[in-house]
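Please read the structure below before turning to the comments.
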Amino acid sequence: MSTQDFDEEQQRYLKGVTAGLHIARGVPGMTGLTTGKRLRPDDFHSQARIRAQAMGGELTSQEEAKADLNPNDMWNEMVALANLGEYPKGDDVFLMKGRGMFYVAPNQDSYMCRLRMPGGIFSSHQFRAVADLAETYGGGYTHVTTRANLQIREIGPKDPVNVLMGLQDVGILNQGSGGDNVRNITGSPLAGIDPDELIDVTPYCRAMHHHIINHRELYGLPRKFNIAFDGGGRISALEGTNDIGFSAVMPKADGPLPRRPYFRMGLGGITGHQDFARDTGVMLKPEECVAVAHAVLHVFLASGDRTSRDKARLKYVLDRWGFDKFMREVQKKLPFTLRRYPLSRCETRAPVDKAGHVGIHDQIDDKQYVGVVLPVGRLTIPQMHGLADLADRHADSKMRTTVWQNLVLGNVKKSDMKALVAGIEKLGLHVNASPARTGMVACTGSFGCKFANAETKGNALELVDHLEDTLELDEPLNIHMTGCPNSCAQHYVGDIGLLGARVADPDADDPEEADQVDGFHVYIGGGYEDEQGIARELATAIPAVHLNAYLENLLGLYLDERHAGERFVAYARRQDIDELKARLAERSEKAGKAQRESEEKAYSEAEARADTPEAVKSERDDAATDEYDRSPDDADDNAQRTA
């Protein structure tokens with residue numbers, strides 16, 4: 001008799017019994033019989049899977065794939081596929097993400113390669129190398145991402161291994177940059193040059209990066225995992241949107257701790273699920289952060305849900321257990337006692353500068369930095385080489401990518417800034433931008449992502465152009481446009497968040513037979529750091545062709561109604577959503593009525609002009625011309641009659 005002869009409930013029971021037998025027979029670490037044996041890295045994950053099955057759970061297909069073959073061991077399969085010139089199929093599509101290679105069909109029949117660089121700070125040499133790889137094996141461009149990272153797109157079936165070898169040659173290690181792993185470690189983009197920072201987070205981002213790279217058991221987690229370090233300076237690292245967010249703080253002078261920078265640890269940030277990282281009450285010395293993050297990851301890999309992809313992130317362990325139980329489990333894995341300290345005894349973080357990542361600003365050592373505006377993160381190969389050359393000539397040879405999809409060049413002498421800006425503009429890029437362009441963030445969208453419901457980057461640029469032409473915004477404004485609920489562009493933390501959707505074509509003759517086209521849901525009032533909050537839904541299913549006019553109407557109302565110096569986020573949060581909708585509808589109707597009246601007036605004036613002698617003569621002359629120009633035969637007849 002085979003298991004196919006049992007119904008679903010019986011099969012689930014048998015799997016539980018089998019898992020129990022594994023435990024009884026001494027799977028490493030599962031019974032007291034094996035406490036003296038050192039676990040191998042993969043054993044931690046085997047334990048977690050067996051435990052889930054023993055409780056009657058059904059592993060996801062991704063967990064079964066990882067159990068069959070660790071994504072770190074995919075090299076031979078990748079080489080074989082490349083030699084055949086074939087793309088992966090089935091589980092291999094998922095497993096290759098562990099090496100940063102995403103097969104993104106059907107939107108693009110090619111690979112996208114996601115890099116990893118701690119803190120988003122590349123050397124000019126690495127930046128040039130990425131450009132060369134994108135030119136040789138990719139589509140001739142790169143994207144700066146919302147994790148201060150780079151992507152190479154449009155890689156053909158024969159070249160993923162060539163790209164990975166080229167990256168490793170210059171010290172860019174892609175291991176774990178996709179899949180169920182710890183993604184790129186982000187940090188403050190001005191680390192080390194920010195006059196307002198409490199601590200330079202560069203060494204801690206780097207230490208965390210290499211710790212992950214060298215600990216095999218920290219791969220193959222229940223789901224992806226994000227870690228960020230914020231140094232407390234003028235530009236936020238958006239650490240509150242991460243599974244672990246380390247935030248630099250300074251103890252107040254009247255407390256028991258010495259006046260030196262510490263890190264507060266927040267856990268569970270995942271704004272796509274409407275949750276920021278919450279403070280754990282733990283105060284860490286900087287040198288303790290990596291060890292504590294390691295302990296958090298071990299608790300998560302043992303306890304995260306491996307039976308549901310939707311509930312597998314760290315947030316859901318915290319929701320299920322509560323923070324106290326989770327932190328007790330973390331403490332068990334540490335050789336030192338966690339330091340509890342009230343947040344109220346720490347100095348308040350200085351407000352962030354929402355426009356601090358764009359334009360020219362003073363930094364430490366009487367030097368300056370400049371934030372370069374990129375068109376929603378896109379860079380051409382000549383622009384990448386040009387920026388690297390400028391960084392070598394006028395800056396410190398470091399290319400600082402940011403979560404706002406732009407790039408910062410630092411340590412510039414004031415006497416060199418004019419030449420640097422001229423060089424940037426010669427590349428077709430700029431250092432100054434309107435409030436809307438400064439804060440525009442857009443994910444890849446349907447151009448290259450199968451999950452996206454709408455095209456984003458093109459719609460984002462058209463929206464910015466429209467707002468610049470129609471409104472005079474004078475306060476920083478963050479607009480986050482994301483293609484799907486996965487929220488790579490973090491629409492819930494924008495002043496205005498736009499979530500891609502499929503909507504009925506508004507121009508269809510028959511609404512019931514209308515095709516589905518790009519559209520967006522609109523959210524308002526999101527923010528981060530001192531303005532932290534989740535945006536609220538204002539409108540659903542706005543067709544992309546109507547989006548520009550809708551947001552022009554919304555922001556126009558804001559400009560009319562705001563208090564003196566009031567930012568949009570504050571304006572949005574004091575609104576009753578239903579009342580705001582009503583005022584927007586009224587304003588829209590007035591605008592439409594004014595437009596119709598203007599058109600009718602122009603038409604009436606044209607008719608009035610038609611009754612003047614000059615108009616009558618002009619009309620008679622035009623008619624005569626029309627009479628002669630009907631056809632060659634008519635023209636000959638008219639000529640004979642005239643003769």
Side-chain angles (χ1 to χ4, degrees), residues 115-131 142-151 170-172 184-197 199-206 208-209 228-239 248 352-365 367-379 383-413 416-417 420-421 423-424 427 429-433 438-439 441:
L115 280 55
R116 65 183 309 146
M117 180 55 60
I121 302 177
F122 294 78
S123 71
S124 58
H125 172 61
Q126 290 170 326
F127 209 69
R128 288 190 191 91
V130 174
T142 63
H143 284 163
V144 177
T145 76
T146 55
R147 284 201 68 74
N149 203 353
L150 287 173
Q151 290 180 357
V170 294
I172 300 176
N184 190 47
I185 308 300
T186 55
S188 301
L190 301 183
I193 64 173
D194 189 339
D196 301 329
E197 70 183 4
I199 188 171
D200 177 0
V201 300
T202 305
Y204 310 107
C205 291
R206 185 167 174 266
M208 190 79 251
H209 167 83
F229 289 82
D230 184 275
R234 65 177 55 167
I235 302 180
S236 171
L238 290 183
E239 77 283 4
V352 297
D353 182 353
K354 278 192 169 183
H357 58 284
V358 169
I360 301 169
H361 302 267
D362 291 335
Q363 59 159 74
I364 62 171
D365 299 330
K367 293 183 179 179
Q368 294 180 314
Y369 72 87
V370 60
V372 184
V373 182
L374 309 181
V376 284
R378 185 181 172 103
L379 276 169
Q383 287 172 338
M384 293 183 72
H385 277 285
L387 287 169
D389 291 344
L390 290 170
D392 286 342
R393 193 176 310 127
H394 301 295
D396 57 7
S397 297
K398 293 180 180 178
M399 323 298 292
R400 300 166 178 267
T401 55
T402 82
V403 296
W404 286 274
Q405 299 179 301
N406 71 315
L407 184 139
V408 170
L409 301 177
N411 279 317
V412 182
K413 294 179 181 178
D416 285 348
M417 184 58 76
L420 174 57
V421 171
I424 291 169
L427 294 171
L429 300 171
H430 302 280
V431 302
N432 296 311
T438 295
V441 174

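The analysis underlying the following values was restricted to heavy atoms, covering all of them including side chains, and did not include hydrogens, waters or symmetry mates.
- To the nearest 0.5 Å, the span separating NZ on K413 from CG on L420 amounts to 13.5 Å.
- Across all their heavy atoms, D392 and S124 have their closest contact at OD1-OG, 2.7 Å.
- The side-chain heavy atoms of P375 and L429, taken from C-beta on, include a pair separated by under 4.5 Å.
- Distance CZ/R234 to OG/S188: 12.0 Å, rounded to 0.5 Å.
- Between the side chain of N184 and the backbone N or O of R147, at least one donor-acceptor pair lies under 3.5 Å.
- The closest side-chain heavy-atom distance from L150 to Q126 is not below 4.5 Å.
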Given side-chain contact (heavy atoms from CB on, under 4.5 Å), test Y204 with I199 step by step and report yes or no. CA-CA 10 Å; Y204 310 107; I199 188 171; 3.7 Å; yes
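- Between V431 and V421, the shortest heavy-atom contact is CG2-CG1, 4.1 Å.
- If you take CD1 on I121 and CE on M399, they are separated by 12.0 Å, rounding to the nearest 0.5 Å.
- Residues T142 and L115 are not in side-chain contact: their nearest non-hydrogen atoms beyond the backbone lie 4.5 Å or more apart.
- The two atoms that bring V201 and G187 nearest to each other are CG2-CA, 4.2 Å, heavy atoms only.
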One pair to check against side-chain contact (heavy atoms from CB on, under 4.5 Å): R400 and Y369. What are the steps and the verdict? CA-CA 10 Å; R400 300 166 178 267; Y369 72 87; over 6 Å; no
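- Nearest approach of G410 to I193, heavy atoms of both residues: CA-CD1, 4.0 Å.
- A distance-only check finds no donor-acceptor pair linking the side chain of H357 to the backbone of Q405 [under 3.5 Å].
- The side-chain heavy atoms of V376 and H143, taken from C-beta on, include no pair separated by under 4.5 Å.
- Side-chain contact check for D353 versus H361: some heavy-atom pair is nearer than 4.5 Å.
- Below 30°, between 30° and 60°, or above 60°: for F122 and F127 the angle between ring planes is above 60°, a perpendicular geometry.
- Without hydrogens or angle criteria, D230 side chain to S236 main chain gives no donor-acceptor distance under 3.5 Å.
- Side chain of N406 to backbone of L374: no donor-acceptor contact under 3.5 angstrom is found.
- Scanning all heavy atoms of the two residues, the minimum distance from G120 to T401 falls at O-OG1, 2.8 Å.
- Put simply, CG on D200 and CG on L190 are 10.5 Å apart, with the number rounded to the nearest 0.5 Å.
- Atom CG of L387 sits about 6.5 Å away from atom CG of L379, to the nearest 0.5 Å.
- Considering Q363, H394, Q368, K398 in turn, Q363 is the only one that fulfils the side-chain contact (heavy atoms from CB on, under 4.5 Å) rule with N411.
- Of all heavy-atom pairs spanning G356 and I235, the tightest one is O-CD1, 3.3 Å.
- Between the CE atom in M117 and the NE2 atom in H209 there is a gap of 6.5 Å [rounded to 0.5 Å].
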